[in-house]
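Below you'll find the structure, written out as structure tokens, and then a few comments.
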Amino acid sequence: MNKVFLIGNLTKDPELASTNSGIKFCRFTLAVSRSYSKDGKRETDFLPVVVWRAQADNCARYLKKGSKAAISGSIQTRSYDTQDGSRRYVTEIAADEVQFLSTKSDENGSDDVDFDDLKPIDEDLPF
């Protein structure tokens, strides 16, 4: 079974592109914290993620650097030959699902409410 679940933050804005046949895909890197190590410092892994088709459009539209996201998918490895003839290997997470865990208001801080400035609607309410 090849299944992975991750929660982390994007390290930079997602990049939307298309294959030669016109299928859209979106790439981003997710920073995922590990458990604390023996020396008490938390380590972080930076994992490349690829998302396809309509979900790719949504990721490109709503995610940005620093956004918190949860993904589920599988680990895939592919290879390609460079111009100098050497073979390169790429391991990445192919995301089947992406949940946006932070909202624009979370990231912008624009929904901060100062409760001291709020006035009661009706002071004659019985409770």
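- In terms of heavy-atom proximity, S18 sits nearest to F25 at C-CE2, 3.6 Å.
- Between the side chain of T44 and the backbone N or O of S33, no donor-acceptor pair lies under 3.5 Å.
- In terms of heavy-atom proximity, A95 sits nearest to V49 at CB-CG1, 3.9 Å.
- Other residues, nucleotides and ligands contribute more than 12 heavy atoms inside 6.0 Å of the CZ atom of R78.
- Among all heavy-atom pairs drawn from P14 and A60, the shortest one is CG-CA, 4.1 Å.
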Test side-chain contact (heavy atoms from CB on, under 4.5 Å) applied to L47 and L6, step by step: CA-CA 10 Å; L47 304 168; L6 300 168; 3.6 Å; yes
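- Of all heavy-atom pairs between K3 and S72, the closest is NZ-OG, 4.5 Å.
- Every residue two or more places apart in sequence or in another chain that forms a salt bridge (charged side-chain N to carboxylate O under 4.0 Å, His left out) with R27 is listed here: E92.
- Minimum interatomic distance between N9 and G66 (heavy atoms only, all atoms of both residues): ND2-O, 3.0 Å.
- For the pair F100 and C59, the minimum side-chain heavy-atom distance is below 4.5 Å.
- Residues satisfying the salt bridge (charged side-chain N to carboxylate O under 4.0 Å, His left out) criterion with R88, sequence neighbours excluded, are absent altogether.
- The main-chain N or O of S74 is never found under 3.5 Å from a side-chain atom of N2 such that the two would form a donor-acceptor pair.
- Using a 4.5 Å heavy-atom threshold, the side chains of V51 and E97 count as separate.
- A salt bridge between D81 and R87 is present, with a side-chain N of the basic residue lying under 4.0 Å from a carboxylate O of the acidic one.
- With rounding to the nearest 0.5 angstrom, the OH atom of Y89 is 10.0 Å from the OG1 atom of T77.
- In this structure, D13 contributes its side chain and K64 its backbone to no donor-acceptor pair below 3.5 Å.
- In this structure, T91 OG1 and Q76 CD are separated by 9.0 Å, a value rounded to the nearest 0.5 Å.
- With contacts defined as side-chain heavy-atom distances shorter than 4.5 Å, the pair L16/F28 does not qualify.
- Within 6.0 Å of the CG atom in D84, the count of heavy atoms belonging to other residues, nucleotides or ligands exceeds 12.
- Both L63 and V32 are assigned to one and the same hydrophobic cluster, defined by single-linkage of ILVMFWY side chains at heavy-atom distances under 4.5 Å.
- No side-chain donor-acceptor contact under 3.5 Å links R53 to the backbone of I23.
- Each of V98, I93, I71, T11 was scored for a side chain to side chain contact (heavy atoms under 4.5 Å, CB included) with L30, with one residue passing: I71.
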Derivation of the side-chain contact (heavy atoms from CB on, under 4.5 Å) call for Y62 and D57: CA-CA 9 Å; Y62 296 111; D57 282 327; over 6 Å; no
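- When the salt bridge (charged side-chain N to carboxylate O under 4.0 Å, His left out) test is applied to E15, the partners found at least two apart in sequence or on another chain are K12.
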